There are 2 protein chains.
Amino acid sequence: MTSSLKPTLLLDEQLCFALYAASRRMTATYRPLLDALGLTYPQYLVMLVLWERDGLTVRELGERLQLDSGTLTPLLKRLEQADLVGRRRRKSDEREVEITLTQAGRNLHERALDVPRCLANRLCMSADEFMRLRDELKSLAAQLAAPTDERD
Amino acid sequence: MTSSLKPTLLLDEQLCFALYAASRRMTATYRPLLDALGLTYPQYLVMLVLWERDGLTVRELGERLQLDSGTLTPLLKRLEQADLVGRRRRKSDEREVEITLTQAGRNLHERALDVPRCLANRLCMSADEFMRLRDELKSLAAQLAAPTDERD
DNA sequence: TCAAATTTAATTGTGCACAATATAATTTTC
DNA sequence: GAAAATTATATTGTGCACAATTAAATTTGA
């Protein structure tokens with residue numbers, strides 16, 4: 001049989017704290033690697049998206065990363081200051097701001113290839129464990145994102 | 001055989017992004033529940049620790065939550081403003097600031113018992129799955145926290 | 001066609017995170 | 001027991017997150 005979940009307020013028993021602590025620890029592990037590239041962790045995520053597909057709008061970046069314009073607008077301005085991206089209103093629809101990589105932004109891609117390799121070394125995890133944990137987190141996020149049509 | 005991990009820069013393949021996104025989504029799921037208690041998510045974590053053991057110092061809270069004084073000092077001042085905790089220097093060592101629950105802080109404990117129950121309903125996870133994922137995240141965080149005596 | 005509704009970014013304000021530094025109290029060492 | 005080192009908290013500054021509001025462009029619909 002599967003034991004039923006007994007909710008408590010003990011910190012060490014909380015999934016939410018394990019998630020929160022692991023996420024901050026992961027970001028801290030990336031920090032020295034990303035410092036070398038002149039990027040913060042959220043800036044790195046934006047660059048990942050743009051390296052996959054350049055020329056997205058702020059809205060499209062936000063959908064991909066689940067971040068709103070209040071976060072992205074200043075972040076993108078800092079990337080623009082660093083000469084990694086350009087920002088310009090689209091001719092076809094002036095409400096949209098298109099973000100494009102500069103040459104320096106494109107050049108950074110190659111140096112960034114080291115980052116996941118370094119992390120993989122730190123993880124001491126098999127590819128299978130890695131993918132299973134990743135997919136469990138994705139499905140957890142999807143479940144929490146789903147509209148709450150549950151009775152309480 | 002176990003396939004070897006091939007590091008890429010594709011967002012959807014990154015464990016780190018799955019972790020980051022799941023953590024933010026979890027916090028967002030807590031938000032409406034904690035709003036009802038007048039707490040933010042990090043404030044709730046501090047209260048969890050104090051409900052388990054009252055009268056800790058800022059340093060001890062920081063060790064438990066892996067947060068430094070730059071985060072905790074203003075957060076604790078807001079909890080003090082909300083009359084949930086008191087702060088006072090210890091007589092035995094005036095460098096230390098002891099945090100104690102007020103009566104209102106203790107009273108909040110009972111109302112908070114609903115929070116993990118509501119979350120458990122949202123998760124649609126067996127207790128076994130819950131505990132396994134939680135423990136995997138704990139061991140991931142521990143691994144990343146360990147000193148990097150790896151060769152690259 | 002033109003007013004209303006919608007969409008998209010930007011702005012504002014609050015609250016973390018965290019690095020770096022400052023300050024004050026305590027402990028250690030000589 | 002006084003100088004030096006250590007410890008604990010607070011402060012400052014930067015950069016997210018995210019809610020709420022604003023502003024501008026576009027679309028919709030009578």
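Since the model is a prediction, treat every value here as computed from it, not as a measurement. Chain letters run A, B, ... following the sequence lines, proteins first, then strands; residues in each count from 1.
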[X] [atom1] to [N] [atom2], straight-line distance once rounded to whole Å:
X	N	atom1	atom2	value
B:R89	D:dA8	CZ	P	12 Å
A:I99	C:dT8	CD1	P	15 Å
B:K77	D:dT9	NZ	P	13 Å
B:L72	C:dC18	CG	C1'	11 Å
B:R87	D:dA8	CZ	C1'	13 Å
B:L61	C:dC16	CG	P	14 Å
A:D68	C:dG13	CG	P	17 Å
A:R24	D:dA17	CZ	P	12 Å

Which part of the nucleic acid, if any, lies within reach of [X] when heavy atoms closer than 4.0 Å are counted: base, sugar-phosphate only, or nothing?
X	value
B:T57	sugar-phosphate
A:R90	nothing
A:L75	sugar-phosphate

Considering just the side-chain nitrogens and oxygens of A:R25, establish if one lies under 4.0 Å of OP1 or OP2 belonging to C:dC18. no
Phosphate-side-chain proximity, A:T71 and D:dA17, N/O vs OP1/OP2 below 4.0 Å: no
Got a donor-acceptor contact below 3.5 angstrom from the B:Q14 side chain to the B:T8 backbone? yes
Using a strict threshold of under 4.0 Å (side-chain N to carboxylate O), is an ion pair present between B:R64 and B:E52?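 B:R64 and B:E52: salt-bridged.
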Which residues within residues 31-55 of chain B lie with some heavy atom under 4.0 Å of an atom in DNA chain D? B:R31
Ignoring hydrogens and angles, state whether a donor on the side chain of A:R24 or B:Q66 is under 3.5 Å from an acceptor on the partner side chain. no
So, under a plain 3.5 Å distance rule, would you say the side chain of B:R95 forms a donor-acceptor pair with the base of D:dT9? no
Tell me if the side-chain of B:S69 makes a donor-acceptor pair with the base of D:dA8, cut-off 3.5 Å, by modelled atom types. no
What verdict does the side-chain contact (heavy atoms from CB on, under 4.5 Å) test give for A:L33 and A:L119, after you've listed the backbone C-alpha separation in whole Å, the side-chain angles of each residue and the deciding distance to 0.1 Å? CA-CA 9 Å; A:L33 300 174; A:L119 256 292; 3.2 Å; yes
Take atom CD in B:Q103; do more than 12 heavy atoms of anything else shown fall under 6.0 Å from it? yes
A:Q66 or A:S92: which one's nearest nucleotide on DNA chain D is closer to the 5' end?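 That would be A:Q66.
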5′-ward residue of the pair B:T73/A:E94 relative to DNA chain D: B:T73
So OH of A:Y44 and CH2 of A:W51: to nearest 0.5 Å the spacing works out to 7.0 Å
Is the Lys NZ or Arg CZ of A:R134 less than 6.0 Å from the centre of A:F130's six-membered ring, within 45° of the axis? no
Report the residue (A:T27 or A:P74) whose heavy-atom-nearest nucleotide on DNA chain C is the more 5′ of the two.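 First, find each residue's nearest nucleotide; the 5'-ward one identifies A:P74.
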Residue among A:R89, A:K91, A:R95, A:R90 satisfying side-chain hydrogen bond (donor to acceptor under 3.5 Å, both in side chains) with A:D93: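 The passing option is A:R95.
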